[in-house]
Q: 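Sending over a structure as structure tokens; questions will come in a sec.
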Amino acid sequence: MSETMHPYLKEVAEEAKQGRVSRRDFFKYAAICGVSLSAAGNLLGLTAAEIAQAAAVIDWKALEQESPFEIKNLLIKKAQDACSKPGDAILNAGRGNPNFLNTEVRQSFALLIQIAAEMAKKGSAVKDVGYRLDKNGMAAKVQSAIAKKQDEPGAAFLTQGFNYAIKNVALDADDLAFQLIDGIQADFYPDPPRVFPVTEHIVRQYLNRVVFSGNPPQGDFHLFTTEGATAAMIYIFNSLRENMILSPGDKVAIVTPVFSPYLELPLLNDYGLKTVYIQGREDLGWQIPDSEVAKLKDPAVKALYMVNPTNPTSVSLNADTVKRMADTIRSHNPEMVIISDTVYASFVDEFNTFGKELPENILGVYSYSKYFGVTGWRLGVVMVHENCIVNRLIKKLPKDKQAMLDMRYRLTSTRPDDILFHERLEMDSRQVALAHTGGISGPQQVAMCLFSLYELLDEDYVYKKSIMDILKKRWTALFHAIGLPEPQGNNLTRYYALIDLQQLADKMYGPAFTKQLAERNPLEFLFKLAENHRTVCLPGKGFAGPDWSLRVALANINEADCRNVGRAIVEVMKKYKQLLTA
């Protein structure tokens with residue numbers, strides 16, 4: 001055998017021979033180690049025919065237990081293998097990052113980097129070396145530098161944004177200029193590490209518009225900038241655990257369907273939480289019926305979390321649903337912590353947030369990634385109300401637990417019991433000992449300021465309407481190609497589409513055929529899409545959605561591709577009809 005083997009793989013092969021590791025898992029380990037299928041099969045003592053059979057047979061039940069994003073990788077491989085002719089390409093509707101992006105802010109960001117470098121270099125006699133600037137008089141210097149580049153892309157927006165921040169966000173001009181220039185230079189650790197003051201003020205005003213529709217509740221929200229919404233969620237769960245608000249065995253409620261990693265997160269050994277699903281109903285437009293809302297009455301349910309508007313169903317909870325849920329929590333479980341990922345709030349005309357109903361209970365999460373096309377920049381933020389319920393819960397802990405927390409945070413303060421939860425979030429993100437190096441980078445925070453100012457300047461929502469129009473056309477193209485009614489409503493993001501395959505089967509061939517189809521494994525449908533049409537979608541079941549559903553990510557494919565996905569779904573259904581009636 002010529003291939004170099006990791007010693008561990010040989011140990012796993014022995015486990016597989018004795019039945020303690022499945023063949024499928026063994027072949028996965030082999031692939032991770034860069035070992036070919038044939039070489040891995042030889043380790044098990046399989047013949048060429050047995051190796052081929054092992055590659056062809058899919059253990060559907062075992063596959064159902066895996067994350068849809070793991071399944072996605074298998075589907076991509078199947079689709080790639082199906083590209084037999086030159087020019088063939090896979091149609092990947094599995095990823096949620098958008099193929100659209102904001103260009104104006106990128107141009108202004110690039111120009112600001114150039115201006116900052118030129119200002120640092122001015123007066124330096126050393127080649128390629130500049131020096132940090134003093135804050136005094138910084139505003140006039142920046143405005144002068146922008147004026148000299150007024151004909152360059154991004155200059156007009158920098159002028160408008162700078163003026164807006166001074167006038168409408170009530171920021172000191174020199175503070176604003178210094179923190180933007182110093183932040184984009186990034187020659188110092190972010191200070192304060194949780195968030196720059198200028199960033200907090202500008203982003204808070206942006207969130208008031210996007211999350212609270214211009215009508216925020218009483219009291220300020222403290223912000224903590226994070227590496228996207230995913231990091232925000234990890235930091236929140238971690239800090240709730242460290243502060244003994246969530247402990248192993250506690251119940252957390254999850255509004256479903258939901259982004260699949262959020263289903264998996266509480267079950268990790270790090271947390272050991274028990275999950276209670278609050279299930280939206282398709283026949284109610286994915287709103288929450290009273291029978292599910294009633295689950296929130298249980299005082300053992302310590303936290304509720306969700307993606308709102310939803311992924312994968314692309315629906316914002318309506319005002320009635322939010323009020324019924326909030327009223328139930330207020331009456332029966334007033335100390336419940338609510339964690340809400342609102343990354344898709346920018347894509348709907350009607351957004352209703354628990355932050356208005358129960359601002360002191362909510363830990364809000366927002367990311368700029370989808371709306372501005374910056375998934376790779378990792379721009380997220382956590383919102384924590386100044387009267388956050390978590391602070392009161394910490395104060396109610398038994399004295400011995402409070403003493404343990406005092407020991408943890410004494411590294412950063414002589415009065416650790418006075419440290420509020422929004423500060424603990426940042427400290428815990430760096431295991432307290434390295435809290436002084438916490439927070440996201442200066443350039444990231446400057447980018448957040450610029451994106452926020454861009455939206456705040458857009459009084460007529462021109463950019464938002466453009467993005468929503470792009471998604472609307474893709475949504476229409478998909479549903480027309482499939483032949484299913486196109487869902488309508490002001491609370492739809494249209495970022496994803498969750499396609500009910502049983503509804504399609506019933507429409508195309510009637511209930512008898514649908515019953516036959518339901519006897520198959522729904523993952524098989526996705527594999528047929530990949531193998532026969534080079535098309536990748538994700539299983540709805542992996543998001544706690546209906547078994548016979550699939551998710552199409554519309555943001556990542558163009559209008560023509562949406563039609564092709566729809567046609568491919570219909571063609572696979574036709575093949576099932578031929579197969580099941582043969």
Side-chain angles (χ1 to χ4, degrees), residues 96 98 207-217 229 254-259 262 278-290 292-293 304-329 338-358 362 364-367 369-371 455 461 463-479 484-500 503 540 543-546 549 551-555 562:
L207 294 172
N208 284 347
R209 170 173 166 139
V210 172
V211 176
F212 296 113
S213 304
N215 185 28
I254 310 173
V255 175
T256 63
V258 71
F259 181 51
Y262 291 172
I278 309 296
Q279 297 174 311
R281 269 188 19 203
E282 187 175 8
D283 61 323
L284 297 178
W286 297 112
Q287 300 303 313
I288 314 298
D290 287 339
E292 294 295 300
V293 173
L304 164 70
Y305 74 103
M306 71 197 79
V307 178
N308 178 34
T310 55
N311 170 10
T313 55
S314 288
V315 173
S316 172
L317 297 179
N318 62 32
D320 174 69
T321 296
V322 171
K323 188 174 188 311
R324 284 185 293 111
M325 293 176 72
D327 286 346
T328 299
I329 293 168
I338 303 171
I339 306 163
S340 181
D341 180 343
T342 60
V343 62
Y344 302 102
S346 314
F347 294 93
V348 292
D349 289 323
E350 178 195 340
F351 177 59
N352 302 287
T353 171
F354 285 87
K356 276 189 179 181
E357 291 280 345
L358 296 167
I362 197 163
V365 173
Y366 181 80
S367 168
S369 60
K370 305 299 196 295
Y371 188 54
E455 178 72 8
Y461 294 95
Y463 179 79
K464 176 175 180 173
K465 291 173 183 175
S466 298
I467 296 301
M468 291 176 67
D469 187 55
I470 290 169
L471 292 173
K472 175 67 167 63
K473 289 177 180 177
R474 295 177 184 183
W475 178 270
T476 299
L478 174 69
F479 279 95
L484 288 176
E486 178 186 345
Q488 304 286 346
N490 287 335
N491 64 337
L492 291 175
T493 68
R494 299 180 175 87
Y495 199 94
Y496 305 101
L498 192 66
I499 304 301
D500 187 329
Q503 181 185 357
F543 299 83
S549 65
R551 191 194 78 166
V552 183
L554 306 183
C562 288

Q: Show your reasoning for whether side chain to side chain contact (heavy atoms under 4.5 Å, CB included) applies to Ile329 and Glu357.
A: CA-CA 10 Å; Ile329 293 168; Glu357 291 280 345; over 6 Å; no
Q: Quick check: does any side chain N or O of Lys323 sit under 3.5 Å from a backbone N or O of Asn318, one acting as donor and the other as acceptor?
A: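 Checking the backbone N and O of Asn318 against the side chain of Lys323, no donor-acceptor pair under 3.5 Å is found.
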Q: List the steps, then state whether side chain to side chain contact (heavy atoms under 4.5 Å, CB included) holds for Leu317 with Gln287.
A: CA-CA 6 Å; Leu317 297 179; Gln287 300 303 313; 4.0 Å; yes
Q: Of all residues at least two apart in sequence or in a different chain, which pass the side chain to side chain contact (heavy atoms under 4.5 Å, CB included) check with Pro289?
A: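 Checked Pro289 against side chain to side chain contact (heavy atoms under 4.5 Å, CB included); matches are Arg281, Leu284, Ser291, Glu292.
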Q: With Phe543, which residues qualify under ring-ring contact (aromatic ring centres under 6.0 Å, His included), at least two apart?
A: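 Expected list: none.
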Q: Hey, are Lys472 and Glu486 close enough for a salt bridge, meaning a charged N less than 4.0 Å from a carboxylate O?
A: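 Looking at Glu486 together with Lys472, the answer is yes, because their closest N to O distance falls below 4.0 Å.
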Q: Decide if atom NZ of Lys356 counts as having more than 12 heavy atoms of other residues, nucleotides or ligands within a radius under 6.0 Å.
A: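 Check passes, neighbour count above 12.
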Q: Any non-hydrogen side-chain atom of Tyr366 less than 4.5 Å from a side-chain atom of Val210?
A: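 With C-beta onward as the side chain, the pair touches.
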Q: Can you name the side chain to side chain contact (heavy atoms under 4.5 Å, CB included) partners of Ala553, sequence neighbours left out?
A: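 So Ala553 forms a side chain to side chain contact (heavy atoms under 4.5 Å, CB included) with Tyr496, Arg551.
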Q: Before you tell me yes or no, could you show the steps for Val255 and Leu304 under side chain to side chain contact (heavy atoms under 4.5 Å, CB included), namely the whole-Å CA-CA distance, both residues' side-chain angles and the distance that decides it to 0.1 Å?
A: CA-CA 8 Å; Val255 175; Leu304 164 70; 3.9 Å; yes
Q: Please give me the minimum heavy-atom distance between Ile362 and Ser340, naming the atom from each residue.
A: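 Minimum heavy-atom separation between Ile362 and Ser340: CD1-CB, 3.9 Å.
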Q: What residues form a ring-ring contact (aromatic ring centres under 6.0 Å, His included) with Trp286, not counting sequence neighbours?
A: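 Result, ring-ring contact (aromatic ring centres under 6.0 Å, His included) vs Trp286: none returned.
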Q: Can you name the ring-ring contact (aromatic ring centres under 6.0 Å, His included) partners of Phe354, sequence neighbours left out?
A: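 Result, ring-ring contact (aromatic ring centres under 6.0 Å, His included) vs Phe354: none returned.
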Q: Determine the minimum heavy-atom distance between Leu498 and Gly540, stating which atoms define it.
A: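 Nearest heavy atoms, Leu498 then Gly540: CD1-CA, 3.9 Å.
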Q: What residues form a side chain to side chain contact (heavy atoms under 4.5 Å, CB included) with Thr310, not counting sequence neighbours?
A: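 Partners of Thr310 under the side chain to side chain contact (heavy atoms under 4.5 Å, CB included) test: Thr313, Val315.
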Q: What are the two closest heavy atoms between Leu478 and Ala497, and how far apart are they?
A: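 Nearest pair, atom of Leu478 first, then Ala497: CD2-CB, 3.6 Å.
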Q: For Phe347, check ring-ring contact (aromatic ring centres under 6.0 Å, His included) against everything at least two apart and list the hits.
A: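 Phe347: ring-ring contact (aromatic ring centres under 6.0 Å, His included) contacts with Tyr371, Tyr495.
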Q: Output all residues satisfying salt bridge (charged side-chain N to carboxylate O under 4.0 Å, His left out) with Lys473, sequence neighbours left out; order by chain, then residue number.
A: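 Here the qualifying residues are Asp469.
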Q: Using the test salt bridge (charged side-chain N to carboxylate O under 4.0 Å, His left out), find all partners of Asp349 that sit at least two apart in sequence or belong to another chain.
A: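 Partners of Asp349 under the salt bridge (charged side-chain N to carboxylate O under 4.0 Å, His left out) test: none.
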Q: By salt bridge (charged side-chain N to carboxylate O under 4.0 Å, His left out), which residues pair with Glu282, not counting sequence neighbours?
A: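 Glu282 satisfies salt bridge (charged side-chain N to carboxylate O under 4.0 Å, His left out) with no residue once adjacent residues are dropped.
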Q: Nearest heavy-atom pair of Pro487 and Trp475: which atoms, and what distance?
A: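 Answer, listing the atom of Pro487 first, then Trp475: O-NE1, 3.1 Å.
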Q: Evaluate the criterion side chain to side chain contact (heavy atoms under 4.5 Å, CB included) for residue pair Ser316 and Asn308; output intermediate values, then yes/no.
A: CA-CA 6 Å; Ser316 172; Asn308 178 34; 3.7 Å; yes
Q: Apply side chain to side chain contact (heavy atoms under 4.5 Å, CB included) to Pro217 and list each qualifying residue two or more places apart in sequence or on a separate chain.
A: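 Result, side chain to side chain contact (heavy atoms under 4.5 Å, CB included) vs Pro217: Phe212, Phe221, Pro359.
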Q: Tell me if a side-chain donor or acceptor on Arg494 pairs with a main-chain N or O of Met468 at a distance below 3.5 Å.
A: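 Checked: no pair found.
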Q: Tell me, please, which residues at least two apart from Arg209 pass salt bridge (charged side-chain N to carboxylate O under 4.0 Å, His left out).
A: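 For Arg209 the salt bridge (charged side-chain N to carboxylate O under 4.0 Å, His left out) partners, ignoring immediate neighbours, are Glu455.
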